[in-house]
Protein chains: 2
Amino acid sequence: MATTVWQIPKASVKNLNKHAALDLIRFAPGGISRIELSRQIGLTRAAVTSIVGDLIEARLVRETNGQHGGGRNPINLEINPDFGRVLGIDIGSTHVTIVLVNGLAQVLDEVNAPLDITQGPEICLPQVAKVINGWLPNTGTELSEILAAAVDVPGPVVSDAGKVGAPPIMPGWDNFPIRDWLEERLGCPVSLGNDAEFGALGEWAFGAGRGEKNLAYIKVGTGVGAGLLLDGQIYRGTTGSAGEIGHITLVEDGPICTCGNHGCLEALAGGRSLALRAREGISKGRRTSLAEIGPANSIIAKDVIAAARRGDLFCQQLVIDSGYHLGTAIASLVNLINPDIVVIGGGVAQLGDLLLDPIRQTVKQRSLKVSWQAVRISAAILGRRSSAMGAVVQALSMSLHQIAQV
Amino acid sequence: MATTVWQIPKASVKNLNKHAALDLIRFAPGGISRIELSRQIGLTRAAVTSIVGDLIEARLVRETNGQHGGGRNPINLEINPDFGRVLGIDIGSTHVTIVLVNGLAQVLDEVNAPLDITQGPEICLPQVAKVINGWLPNTGTELSEILAAAVDVPGPVVSDAGKVGAPPIMPGWDNFPIRDWLEERLGCPVSLGNDAEFGALGEWAFGAGRGEKNLAYIKVGTGVGAGLLLDGQIYRGTTGSAGEIGHITLVEDGPICTCGNHGCLEALAGGRSLALRAREGISKGRRTSLAEIGPANSIIAKDVIAAARRGDLFCQQLVIDSGYHLGTAIASLVNLINPDIVVIGGGVAQLGDLLLDPIRQTVKQRSLKVSWQAVRISAAILGRRSSAMGAVVQALSMSLHQIAQV
DNA sequence: CAAATATGTTAATTCACTTGACATTATTTG
DNA sequence: CAAATAATGTCAAGTGAATTAACATATTTG
């Protein structure tokens, strides 16, 4: 009960139903009526009227038009978009993506900026702050109007301390008080999470896995990681490093991985591996349009993906090979977790079925029938924004429930 | 507590704290005082006094001596052992184990009987009923005194329908209403679960993983399965087939498995594989005491384990080989789940470090440092009884909470 | 033995929720 | 088109689980 993305203040057990109502309203697509709330929470209509009254008075919720049939039309309830604005900050290994949303999680504006995470927090975090300060005013928003923010980083988040633990691809970030630093700079509550974890949250709330009970989000970026949402709750494991699918050993004597082992999924199917295999192919003289781009050692994963999309057969085969490896690891995940849906995100996922078909095929071949029959394997709908949108869900959770507290 | 959407609380929000108190009393080793309850639930002493008053009046709880120091001694609370008796029924592939316990989950008596699960439910379940009817009276208990029972079977349990889904090793059991059949015969509420799931519950409640937040129980029997307890809750997955670690593919062109695939963990390290490899060794003329037992094709896993225990080097090596394969699969589990503890149960686990050391070594080698550093790998303390004791926990949960409901 | 400390109980109060009646607004029917 | 029917939403009185604040009880310490 202790380790969760955001801790509900203890006293809120008292207002349990108020918070339950708030979340049902938040995540009901197109709003929800009082009577539907009463059915789902298991309270009487009278009680719901009272709870909703509080929420409306607090300006968290508003009434909209609803329609039905058979009797009086229900009044639809939705989050009041003007209750406040929050930021979702997705720090990747090469870029930072920041979205500004209103109470309904509608994106008001978005900004992207390059970033080199290997430079450590002392360089990167001020850069992020600078981007925000230079951009926010143009969106018609003062920093002081921001109610909360959530940030994710591509490494395991250790406990609720607001720091990261030994992150393979984040040298220098160990034990730096990321959350506290940002809270001071932004002047609002900040929540720190893992990119895959927030990706899962984003796709669950607004994407491919909307409302599913058990969801795994696989982020195939420079590295490969998974975010798990089990029984409707983010699952982070004992030390916050659950979902590290990237370091499952697939090939005993395979290529060396950043983690030091050999044959990890990440070393076989991650973005780094994709670029590496492309370079090897070029140096072996394989026919590919990539050769025209520039020197082989300047090729990065993005180039391979773009070429595959343009129809380059060599690059497509590299992606398919990644798919088979991903499928093998996902088959293990499906056997162990038995999820409703596996959402594939990250750059390579833009290629759709080119990547998904080999994954689906391998999963079907290597996992139990009951499990693969129950699972859907889809690409992320939110694309590059999965994690930032998950961050936004988290940030809104903080503000909404904090205000509802009173 | 909650991460994203509010989990709609179980039966009643109303008596939520009463149930919380009941569970804290149940699983506190050696009892718990009112003040400790108030600290853990977050209620005032006055409220706890009232709740406990109800529980004592319902004869579910009793006061015992406690001792402390510094002030007035607290009064210890524990479940009233005489509140009633329940049965835990563990149906394995070759045996059935039944335990009778009192309210404190103390074993009053136990019975074992052979059973061939491949004969289907129409043969097996009447056998189980017959065993119970022939044995219970000798324990000084009438069948009508039994408040509840829980049964586990070695296959995935589909939903709460009280049936099993396509079970690889349980031909003929599909869709048979196991729970309903037993409820009618025993005349009490019955809960149906999976053997590994109940094993996890048993080891969590009374065994090696007492009170841990994230536990995986690996049952190495004829087959290999895992029971998962995540964030303090049994995790079953979407169709009830979570934890099917036995059918993770480890060796691409490995030996064929009962599930139809090749190179599954179960086909490399399960009991069936252990026996098979022993027979092969004998036929190749390897030096082993097993050869003296009888014809090679009559050798079963139990014989190999016994020989390994006696010091037979060939058999010990077979067990060690199993350990490496188990370790490989468990490394994946540790990467994905990041548990506090992995408990190894089933027949082979009796061999202790002979099996555990290769597992530990492989896990250390093949999983992320943050994850393997956090995980403890131990043998099941409850041994053969892990699952039956988990069943008992489940059965007691049913009766206790049902009575507390009023 | 009084003081200090901690646990447990009691009575008055608070407040979320239920109950049951009523108000409101739509569709269906004679 | 009024009346019947149906569904949603609200109100006022009552219930009960919790809090607050005082007191009672048991054990150690100066």
Side-chain angles (χ1 to χ4, degrees), chain A residues 8-25 28 30-58 61-78 401 404-406, chain B residues 6 8-22 24-25 28 30-58 61-78 401 404-406:
Chain A
I8 293 168
K10 279 242 163 160
S12 76
V13 180
K14 201 167 147 191
N15 299 350
L16 196 71
N17 289 323
K18 193 192 259 186
H19 293 281
L22 192 54
D23 276 342
L24 283 168
I25 295 171
I32 190 171
S33 64
R34 285 173 177 80
I35 190 126
E36 189 55 34
L37 278 177
S38 81
R39 274 194 282 260
Q40 295 205 28
I41 310 180
L43 294 181
T44 58
R45 283 170 297 164
V48 170
T49 293
S50 160
I51 289 173
V52 169
D54 286 357
L55 294 175
I56 289 178
E57 201 188 356
V61 167
R62 67 176 187 184
E63 299 185 331
T64 61
N65 293 342
Q67 46 191 1
H68 192 245
R72 168 177 177 175
N73 276 5
I75 306 168
N76 245 17
L77 301 167
E78 63 176 24
H401 290 286
Q405 195 54 42
V406 191
Chain B
W6 215 277
I8 306 214
K10 333 166 179 190
S12 64
V13 188
K14 209 166 153 189
N15 297 345
L16 198 69
N17 288 323
K18 194 190 256 184
H19 292 284
L22 192 54
L24 283 169
I25 295 171
I32 190 171
S33 65
R34 285 173 177 79
I35 191 130
E36 189 53 33
L37 277 178
S38 80
R39 274 194 281 260
Q40 295 206 28
I41 310 181
L43 294 181
T44 58
R45 283 170 297 166
V48 171
T49 294
S50 160
I51 289 173
V52 169
D54 286 356
L55 294 174
I56 290 177
E57 202 188 354
V61 167
R62 68 175 186 186
E63 297 186 331
T64 61
N65 293 344
Q67 47 192 358
H68 192 243
R72 168 179 177 174
N73 278 4
I75 306 167
N76 244 18
L77 300 167
E78 64 177 24
H401 289 286
Q405 197 55 39
V406 190

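Since we're looking at a predicted model, the values are computed, not measured. By convention in this document, chain letters (A, B, ...) are assigned in the order of the sequence lines, proteins followed by strands, and residues within each chain are numbered from 1.
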For atom [atom1] of [X] and atom [atom2] of [N], their distance in whole Å:
| X | N | atom1 | atom2 | answer |
| --- | --- | --- | --- | --- |
| Leu37(B) | dA18(D) | CG | C1' | 16 Å |
| Lys18(B) | dA17(D) | NZ | C1' | 10 Å |
| Ile75(B) | dA24(D) | CD1 | P | 17 Å |
| Ile56(A) | dG9(D) | CD1 | C1' | 12 Å |
| Gln40(A) | dT8(D) | CD | P | 13 Å |
| Asn15(B) | dA16(C) | CG | P | 18 Å |
| Asn65(B) | dA26(D) | CG | C1' | 13 Å |
| Glu36(A) | dA7(D) | CD | C1' | 13 Å |

Which atom of Ala21(B) lies closest to which atom of Leu37(B), heavy atoms considered:
O-CD2, 4.0 Å

Over all atoms of both residues, closest heavy-atom pair of Ile32(B) and Ala28(B)
CB-CB, 3.9 Å

Taking the side chain as everything from C-beta on, heavy atoms only, tell me whether Asp23(A) gets closer than 4.5 Å to His401(A).
yes

State, with a plain yes or no, whether a side-chain heavy atom of Leu22(B) is found less than 4.5 Å away from one of Val61(B).
yes

As a quick check of understanding, evaluate side chain to side chain contact (heavy atoms under 4.5 Å, CB included) for Leu16(B) and Leu16(A), giving each step before the final call.
CA-CA 11 Å; Leu16(B) 198 69; Leu16(A) 196 71; 4.1 Å; yes

[X] vs [N]: side-chain N/O to OP1/OP2 distance below 4.0 Å:
| X | N | result |
| --- | --- | --- |
| Asn17(B) | dA18(D) | yes |
| Thr44(A) | dC17(C) | no |
| Thr49(B) | dG8(C) | no |

The test is side chain to side chain contact (heavy atoms under 4.5 Å, CB included); show your working for Leu77(A) and Glu63(A) and say whether it passes.
CA-CA 5 Å; Leu77(A) 301 167; Glu63(A) 299 185 331; 3.9 Å; yes

Among pairs that include at least one residue of residues 47-57 of chain A, which meet salt bridge (charged side-chain N to carboxylate O under 4.0 Å, His left out), considering only residues two or more places apart or in two chains?
Lys18(A)-Asp54(A)

Of the candidate nucleotides [options], which contains the atom at the shortest distance from the side chain of [X]?
| X | options | result |
| --- | --- | --- |
| Ile35(B) | dG8(C), dT20(D), dA18(D) | dG8(C) |
| Ile51(A) | dC17(C), dT19(C), dT10(C) | dC17(C) |
| Arg34(B) | dG8(C), dT19(D), dT19(C) | dG8(C) |
| Ala47(A) | dT9(C), dC17(C), dT8(D) | dC17(C) |

With sequence neighbours excluded, tell me which residues meet side-chain hydrogen bond (donor to acceptor under 3.5 Å, both in side chains) with Glu36(A).
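side-chain hydrogen bond (donor to acceptor under 3.5 Å, both in side chains) list for Glu36(A), sorted by chain: Arg39(A), Gln40(A).
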
Sequence neighbours excluded and cut-off under 3.5 Å, please list the side-chain donor-acceptor pairs for residues 41-49 of chain A, or say none.
| residue | atom | partner | partner atom | Å |
| --- | --- | --- | --- | --- |
| Thr44(A) | OG1 | Ala47(A) | N | 3.3 |
| Thr49(A) | OG1 | Arg45(A) | O | 3.1 |

Heteroatom pairs (N/O) under 3.5 angstrom, protein to nucleotides 22-25 of chain C:
| residue | atom | partner | partner atom | Å |
| --- | --- | --- | --- | --- |
| dT24(C) | O2 | Arg72(A) | NH1 | 3.1 |
| dT25(C) | O2 | Arg72(A) | N | 3.2 |

So which one's nearest nucleotide on DNA chain D is more toward 5', Asp54(B) or Ala46(B)?
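It is Asp54(B) whose nearest nucleotide is closer to the 5' end.
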
Asn76(B) side chain to Thr64(B) backbone, donor-acceptor under 3.5 Å:
no

Pairs counted only when both distances fall under 3.5 Å, Watson-Crick or G-U: show me the 5' to 3' dot-bracket for DNA chain C, [ ] for pseudoknotted crossings and | for other-strand partners.
||||||||||||||||||||||||||||||

